[in-house]
Asker: 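Can you read through this structure? Questions will come right after.
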Amino acid sequence: MTVDVAIIGGGISGLATAYNLAGKGLDVVVLERQVHAGGNAISERIGEFLMEHGPSTVNAQSIDANDIAKRLELTAEQCALGAGVKNRYLVGKGALKGIPVHPLGFLWSNYLSLKGRLRLMTEFAVPRNKNKAEETIAEFAGRRFGKEFSAKVIDPLVAGIYAGRACELSVRAGFPKLYGLEQKYGSISLGLVQHHRQGAKNMPSSRLFSFKDGIGFLPKALADALGERVKTGVTVRRIKKTLHGFSIDTEDKSKLRARAIVVATQPHVAAELLEDVDVYSSHTASEIEAPPLAVVYFGFKRKDVEHPLDGLGFLAPESEKLSMSGSQFCSTMFPGRAPQDCVSMAGYFGGARAPELAQLPAADLTEIARREFKDLVGAKGEPVVSRVRHWPRGLPQYKIGHTDRVQTMLKANQRVPGLFLTGNYICGPSVAVCVDQAGKTAVNVANHLDAHVPSDMEQTQKAAM
Ligand SMILES: Cc1cc2nc3c(=O)[nH]c(=O)nc-3n(C[C@H](O)[C@H](O)[C@H](O)COP(=O)(O)OP(=O)(O)OC[C@H]3O[C@@H](n4cnc5c(N)ncnc54)[C@H](O)[C@@H]3O)c2cc1C
């Protein structure tokens with residue numbers, strides 16, 4: 001079999017790339033090793049509860065994510081954040097501290113000391129960084145906002161977004177918008193004021209959406225739209241460069257030929273598959289770590305939880321020495337996540353902070369999560385539902401040097417014409433960024449194929465295969 005484009009990996013990135021390419025009239029096939037496409041976007045109905053094993057939100061500001069939902073006619077299935085999301089919670093001195101969802105929320109609350117708040121207010125006066133060395137997020141945040149804000153706000157935020165440590169990740173790669181604001185305006189607060197004036201008024205909490213049946217609905221809709229072009233239960237073992245494209249060997253010994261190839265797997269798989277094709281991409285992808293993660297999900301009777309759960313969830317600074325790095329109040333976030341008289345919540349373990357915790361057996365994780373939820377939100381009694389999901393590879397870590405690594409991988413096509421990489425380790429781990437990046441990848445693939453139209457003889461050979 002010969003196709004225009006073979007896409008390896010049927011997560012959101014691979015499916016969105018395929019959907020865009022199929023929309024351009026190209027002959028595509030997606031090869032996915034699991035029995036279902038979708039990668040880590042898995043939503044499970046447990047009676048009237050809905051557990052998100054992986055992502056639970058999509059950034060509503062993403063033009064591409066909204067556009068793809070529109071093209072798939074999913075807008076009626078989209079749901080906005082519930083009205084109960086009123087606060088953001090951080091853990092301070094072993095208890096939840098509610099911070100109003102407002103740009104000045106940190107100044108009004110006493111989560112930070114008076115000194116920390118005064119320091120935060122002087123951010124506009126901090127000069128641009130003159131040192132050319134790449135900064136970590138912690139260095140950047142400490143320099144601009146003060147050490148307390150960095151340790152008590154940015155550190156847990158990085159754990160929430162990247163399951164990473166602010167002292168290890170690159171600010172340029174991990175928080176490119178914040179980095180860009182300093183570059184452009186010399187200050188984050190002045191930059192944000194400018195953006196606000198230009199109309200970007202939404203708070204982060206109003207910028208998220210999901211689907212009635214959970215995030216898993218998006219890859220399912222993509223896979224349904226692609227139909228026969230998605231082959232599940234197919235593990236790619238080897239890719240070889242041929243004269244006019246690539247040959248792909250799969251575990252079931254079938255062979256596929258493609259004029260172009262998109263590797264949309266996790267970075268460690270990309271590293272293995274590209275060993276014989278592009279040593280630069282292979283080596284670079286192998287440098288990207290994705291420490292293990294675990295999600296512990298509970299449904300409780302509402303009467304058994306003291307806290308109003310009136311927020312997205314909570315995040316915990318590393319200094320709090322909790323096992324959980326954060327939690328989501330699932331039944332508050334979106335409608336239809338729990339029966340009327342119940343609530344649901346998920347706790348996150350592991351990542352770069354404590355990879356060993358994510359490898360604990362399910363029973364141990366359940367016990368720890370119950371203890372910490374009891375202390376923090378007063379969740380007592382037996383949960384109605386309890387589930388654990390282990391992710392042996394969690395989220396990619398955008399460490400120092402990541403921007404250069406990305407450049408190497410995005411230039412794969414220049415070294416090996418027809419080879420493209422896409423995925424959550426390129427420009428951001430969020431579903432929305434994966435969809436955006438998939439759109440760009442599809443354009444690059446289509447441009448490559450336009451510029452390399454097969455000769456009449458190659459067309460004849462393709463038809464004969
Ligand atoms: C616990 C958790 C919570 C998250 N929460 C959020 C959130 O709330 N919001 C948000 O925006 N993002 C969130 N994310 C991040 C987001 O879900 C991921 O970054 C995104 O889904 C990654 O999609 P992907 O297609 O790039 O990769 P993946 O989903 O990893 O897909 C890669 C695919 O490649 C397949 N594959 C691997 N090897 C082979 C092979 N040899 N042959 C064939 N197929 C292969 C895999 O089976 C997999 O399906 C979360 C992630 C996790 C793990």
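Sequential numbering from 1 along the given sequence is applied to the chain's residues. Just so you know, these numbers use all the heavy atoms, side chains as well, and skip hydrogens, waters and symmetry mates. When a ligand or atom number is given, it counts from 1 through the structure's own listing order.
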Asker: Using a 4.0 Å cutoff against the non-hydrogen atoms of Asn424, which atoms of ligand 1 qualify?
Answerer: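 Matching atoms, with element in brackets: 18 (C), 19 (O), 22 (C), 26 (O).
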Asker: Considering only the protein, which heavy-atom contact is closest to atom 11 (O) of ligand 1, and what is its distance?
Answerer: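 It is Val431 N, 2.7 Å.
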Asker: Parallel, tilted or perpendicular for His448 and Phe420, by the 30°/60° rule?
Answerer: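 Ring orientation, 0 to 90° scale: perpendicular.
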Asker: Below 4.0 angstrom, N of the basic side chain to O of the carboxylate: do Glu382 and Arg370 qualify?
Answerer: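 Judged by the 4.0 Å cut-off on N to carboxylate O distance, Glu382 and Arg370 do form a salt bridge.
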Asker: Counting non-hydrogen protein atoms only, what is the nearest one to atom 32 (C) of ligand 1? Give residue, atom name and distance.
Answerer: Ala264 O, 3.6 Å
Asker: What atoms of ligand 1 come within less than 4.0 Å of a heavy atom belonging to Gly423?
Answerer: 26 (O)
Asker: Short list, please: which atoms of ligand 1 are under 4.0 Å from a heavy atom of Gly39?
Answerer: 29 (O), 31 (O), 48 (C), 49 (O)
Asker: Taking 4.0 angstrom as the limit and counting only heavy atoms of Ser430, give me the atoms of ligand 1 inside it, by number and element.
Answerer: 10 (C), 11 (O), 12 (N)
Asker: In sequence, state the C-alpha distance, the side-chain angles, and the governing distance for Asp436 and Ser62, and then conclude on side chain to side chain donor-acceptor pair (under 3.5 Å).
Answerer: CA-CA 7 Å; Asp436 289 353; Ser62 157; 3.0 Å; yes
Asker: Heavy-atom distances under 4.0 Å decide this one: backbone, side chain, both or neither, for Val295 against ligand 1?
Answerer: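 It is the side chain that touches ligand 1; the backbone stays farther off.
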Asker: For Leu395, take its heavy atoms, then give the atoms of ligand 1 lying under 4.0 Å from any of them.
Answerer: 15 (C), 51 (C)
Asker: Looking only at the aromatic ring of each residue, does the gap between the centers of Tyr89 and His307 stay below 6.0 angstrom?
Answerer: yes
Asker: Provide the number and element of each atom of ligand 1 under 4.0 Å from a heavy atom of His53.
Answerer: 1 (C)
Asker: For Glu272 and His268, which I'm curious about, is there any donor-acceptor pair between the side chains at under 3.5 Å?
Answerer: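 Checked: Glu272/His268 side chains show no N/O donor-acceptor pair below 3.5 Å.
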Asker: Looking at Arg45 and Asp213, is any side-chain nitrogen of the basic one under 4.0 Å from a carboxylate oxygen of the acidic one?
Answerer: yes
Asker: Would you call Thr57 a ligand 1 contact, heavy-atom distance under 4.0 Å?
Answerer: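 Yes, Thr57 has heavy atoms under 4.0 Å from ligand 1.
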Asker: Does Asp67 come within less than 4.0 Å of Arg71, counting only side-chain N to carboxylate O?
Answerer: yes
Asker: Taking 4.0 angstrom as the limit and counting only heavy atoms of Ile12, give me the atoms of ligand 1 inside it, by number and element.
Answerer: 25 (O)
Asker: Hey, can you pull the donor-acceptor pairs under 3.5 Å for the side chains in residues 28-39, sequence neighbours left out?
Answerer:
{"residue": "Glu32", "atom": "OE1", "partner": "Gly10", "partner atom": "N", "Å": "2.7"}
{"residue": "Glu32", "atom": "OE2", "partner": "Gln34", "partner atom": "N", "Å": "2.7"}

Asker: Compare Ser62, Ala16, Pro429 and give the one whose heavy atom is closest to atom 19 (O) of ligand 1.
Answerer: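 Answer by nearest heavy atom: Pro429.
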Asker: Looking at ligand 1, would Glu272 count as a contact under a 4.0 Å heavy-atom criterion?
Answerer: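 Flag not set, Glu272 not near ligand 1.
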Asker: Would you say the side-chain atoms of Glu275 and Ser282 include a donor-acceptor pair closer than 3.5 Å?
Answerer: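 The criterion, which ignores hydrogens and geometry beyond distance, is not satisfied for Ser282 and Glu275.
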Asker: For ligand 1, which part of Ala41 has a heavy atom less than 4.0 Å away: the side chain, the backbone, both, or neither?
Answerer: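 Looking at Ala41 and ligand 1, no heavy atom falls under 4.0 Å.
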Asker: Is the closest heavy atom of Ser56 to ligand 1 under 4.0 Å?
Answerer: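 So Ser56 counts as touching ligand 1.
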Asker: Please state which option from Val58, Ile7, Asn40 has its nearest heavy atom closest to atom 53 (C) of ligand 1.
Answerer: Asn40
Asker: Report yes if some N/O of Thr235 lies less than 3.5 Å from some N/O of ligand 1; otherwise report no.
Answerer: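 Between Thr235 and ligand 1 (N or O atoms, distance only) the closest approach is not under 3.5 Å.
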Asker: Classify the contact between Ala37 and ligand 1 as side chain, backbone, both or neither, using a heavy-atom distance cut-off of under 4.0 Å.
Answerer: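 Near ligand 1, Ala37 shows nothing, with every heavy atom at 4.0 Å or more.
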Asker: Is the closest basic N to carboxylate O distance between Arg415 and Asp278 below 4.0 Å?
Answerer: yes
Asker: Take atom 47 (O) of ligand 1 and look for protein heavy atoms under 4.0 Å from it; say yes if you find one, no if not.
Answerer: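 Looking at atom 47 (O) of ligand 1, one finds that a protein heavy atom does lie closer than 4.0 Å.
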Asker: Name the option, out of Gly11, Pro55, Ala290, Gly233, that contains the heavy atom nearest to atom 17 (O) of ligand 1.
Answerer: Pro55
Asker: What's the shortest distance from atom 44 (N) of ligand 1 to any protein heavy atom, and which residue and atom give it?
Answerer: Arg33 N, 3.1 Å
Asker: Gly54 heavy atoms, cut-off 4.0 Å: which ligand 1 atoms fall inside?
Answerer: 1 (C), 2 (C), 3 (C), 4 (C), 5 (N)
Asker: May I ask you to identify the nearest protein heavy atom to atom 41 (N) of ligand 1, giving residue, atom name and distance to one decimal place in Å?
Answerer: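 Going atom by atom, the protein heavy atom closest to atom 41 (N) of ligand 1 ends up being Val236 O, 3.0 Å.
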Asker: Salt bridge between Arg259 and Asp4, side-chain N to carboxylate O under 4.0 Å?
Answerer: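 Between Asp4 and Arg259 there is a salt bridge, with a charged N closer than 4.0 Å to a carboxylate O.
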Asker: Could you tell me whether Asp249 and Lys255 have a side-chain N and a carboxylate O separated by less than 4.0 Å?
Answerer: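 Salt bridge between Asp249 and Lys255, a charged N being under 4.0 Å from a carboxylate O: yes.
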Asker: So, are Arg371 and Asp375 salt-bridged, with charged N and O less than 4.0 Å apart?
Answerer: no
Asker: Going by the rule side-chain contact (heavy atoms from CB on, under 4.5 Å), which residues pair with Ala354 if we only count those two or more places apart in sequence or in a different chain?
Answerer: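 Once residues adjacent in sequence are excluded, the partners of Ala354 under the side-chain contact (heavy atoms from CB on, under 4.5 Å) criterion are Glu356, Leu357.
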Asker: Heavy atom of Val234 under 4.0 Å from ligand 1?
Answerer: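 It does, in that a heavy atom of Val234 comes within the 4.0 Å cut-off of ligand 1.
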Asker: Do me a favour and list the nearest non-hydrogen protein atom to atom 34 (O) of ligand 1 with residue, atom name and distance?
Answerer: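 Heavy-atom neighbour on the protein nearest atom 34 (O) of ligand 1: Gly9 CA, 3.3 Å.
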Asker: Atom 37 (C) of ligand 1: which protein heavy atom is closest, and how many Å away?
Answerer: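 Answer for atom 37 (C) of ligand 1: Gln266 OE1, 3.2 Å.
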Asker: Angle between ring planes, Phe211 versus Phe209, binned at 30° and 60°: parallel, tilted or perpendicular?
Answerer: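 Correct class here is perpendicular.
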Asker: What is the closest protein heavy atom to atom 26 (O) of ligand 1, and at what distance does it sit?
Answerer: Ser13 OG, 2.6 Å
Asker: Would Tyr348 and Gln328 count as a side chain to side chain donor-acceptor pair (under 3.5 Å) here? Give the steps.
Answerer: CA-CA 8 Å; Tyr348 297 85; Gln328 285 187 344; 3.2 Å; yes
Asker: Using a 3.5 Å cut-off on N or O atoms only, is Ala432 in polar contact with ligand 1?
Answerer: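 N/O-N/O distance below 3.5 Å does not exist for this pair.
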Asker: Give me the nearest non-hydrogen protein atom to atom 49 (O) of ligand 1 as residue plus atom name, then the distance to 0.1 Å.
Answerer: Glu32 OE1, 2.6 Å
